[in-house]
Protein chains: 2
Amino acid sequence: MSQEAIAQGDNAGREASNSRPLRADAQRSEDALLEAALAVFATSGVDAPVREIAEKAGVGIGTLYRRFPQRSDLIVAVFRQQVDACADAAPILAAEYEPSEALARWMQRYADFIVTKRGLAKSLHSGDPAFSTLPDYFNQRLQPALRGLLETAAEAGEVRTDIEPYDLLRAIANLCMSAKDDRTDYARRMISLLVDGLRYGASPQVNTPS
Amino acid sequence: MSQEAIAQGDNAGREASNSRPLRADAQRSEDALLEAALAVFATSGVDAPVREIAEKAGVGIGTLYRRFPQRSDLIVAVFRQQVDACADAAPILAAEYEPSEALARWMQRYADFIVTKRGLAKSLHSGDPAFSTLPDYFNQRLQPALRGLLETAAEAGEVRTDIEPYDLLRAIANLCMSAKDDRTDYARRMISLLVDGLRYGASPQVNTPS
DNA sequence: CTGACAAACGGAACATCGTTCCACATAATA
DNA sequence: TATTATGTGGAACGATGTTCCGTTTGTCAG
């Protein structure tokens, strides 16, 4: 459903106008590969064989390696795509809901991302230089996204103003660390608690009855 | 040099009197494999291929797999061997030096172990069930070793008494975490600082001039 | 519309792993 | 010394990441 937006996001973020704009079938292959990789990583983990991904994408191995010369390139691409999707969700939610509700929904969205990508996180901290740029990308995309939501909500007097985006991102990530297996509702409850905490110290000019 | 003691320690700790005491050539092979694995892991990391280890040990691959049915078994054996060697060093140092000096030397010894085995630590926290017993083994061997040194030094009034072995082990490990590459002297200096800290709060019945 | 060609495709083939298997060698024992 | 359980070596297997190259196909000038 949100796949188109994701694919666009990746294509745009890849390399600013890189000579030529990819042939039609090539673009199709890339999209299919990213979608398949996302699904396979979710079920079989990041160590899943590349052939499985190529098969699921309905594409030959040669095509996969043409698009992603190394296995790690695919992992990186999927990760960045997911980060982009999460970051892009912020302005969309901001346009659709009132400030604090948009903030709350985005934080849940972000928590889902963290829980799903715990497998990737392992590779990420494995010291492999192929992943060295991902932490920076993570912060540079997600921090402004959250900051925008926080500031909007703060200006509306719906949440307190003494919280830094970076700290909040880390707090949520840490909360999700102990959410094993299918106990995803634990994470949800803890995030709700965090949001309530943000609301508690809101500007006194607006009152939030019970 | 200390290889014999290590081999003995491993053989003794493996499985209390496991039916028969291994044939002579088999014992030779096992020792050679552990020694080779230790060296190869140090140079090529824990991901080094088994064939490289077998070759360095001067044995066939079949022999390696007879002694260590899985690759992880070799890693575990090397790790335990190193832990044993580190733990066994405690009473030896205690017999050779006065209490606080023995403690200081052992802590340096332990720090060297941590720095050298950072590669192993990665595998250790990878979630692979093959390594699940290692953390416990780590604590059960090292904690009493350090406790003995600490208590002896405390009884001699040379160090303070309000430090738990577990905390000290973790503190040293954390200090060594940021000691990258060849900056091992950084770790040494920090450990010295810790030892001085221990001495600082020593029992007042003994004074330590300048 | 059509030909030509760069681009993309598919998958066989290669290199390298961990692991298994078994014919042969050898240490322990009587 | 003869017997036998035990150990050894390395070819072979299956799975993996990656490369190579003959074939197909989108694209675009004419």
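Below, chain A is the first sequence line, B the second, and so on; all start at residue 1.
Proximity of Q70(A) to the phosphate of dG17(D): no side-chain N or O atom is located under 4.0 Å from OP1 or OP2. Within the structure, every side-chain polar atom (N or O) of R23(B) is placed at least 4.0 Å from both OP1 and OP2 of dA28(C). For the OP1/OP2 pair of dC9(C) and a distance below 4.0 Å, the side-chain nitrogens and oxygens of S29(A) include at least one atom meeting the criterion. Note on R67(B): a side-chain N or O is less than 4.0 Å away from OP1 or OP2 of dG7(D). For the pair T63(B) and dG7(D), the criterion of a side-chain N or O lying under 4.0 Å from OP1 or OP2 is not met.
Of all the heavy atoms in R160(B) and G197(B), the pair that sits closest is NH1-O, 3.4 Å.
Contact of the L22(B) side chain with the R67(B) side chain is registered, since non-hydrogen atoms from C-beta on lie closer than 4.5 Å. E30(A) has its side chain within reach of F68(A): a pair of non-hydrogen atoms, C-beta onward, lies under 4.5 Å apart.
The distance between atom CG of L74(A) and atom P of dT16(D), rounded to the nearest whole Å, is 16 Å. Computed from coordinates, the Q27(B) CD to dG7(D) C1' distance equals 13 Å when rounded to whole Å. Rounded to whole angstrom, the span from the CD1 atom of I75(B) across to the C1' atom of dC17(C) amounts to 14 Å. Between the CG atom of L22(A) and the P atom of dT27(D) there is a distance of 11 Å, rounded to whole Å. Put simply, CG on D47(B) is 13 Å from C1' on dG18(C), counting in whole angstrom units. Going from atom CD1 of I61(A) over to atom P of dT23(D) covers 19 Å, rounded to whole Å. Summarising the geometry, the separation between OH on Y65(A) and C1' on dC21(D) is reported as 17 Å, rounded to the nearest angstrom. When rounded to the nearest whole Å, the span between CG of D31(B) and P of dG7(D) equals 14 Å.
Formation of a donor-acceptor pair under 3.5 Å by the T43(B) side chain with backbone atoms of V40(B) is found in this model.
Under 3.5 Å, the side chains of D112(B) and Q108(B) contain no donor-acceptor pair of N or O atoms.
Here the side chain of R66(B) is nearest to one of dT19(C), dA13(C), dG7(D), namely dG7(D). Among the nucleotides dA8(C), dA27(C), dG17(D), the one closest to any side-chain atom of D25(A) is dA8(C).
Projected onto DNA chain D by closest heavy-atom contact, R51(A) and G62(A) fall at different nucleotides, the more 5' of which corresponds to R51(A). Where V50(B) and R28(A) each meet DNA chain C at their nearest nucleotide, the meeting point lying more 5' is that of R28(A).
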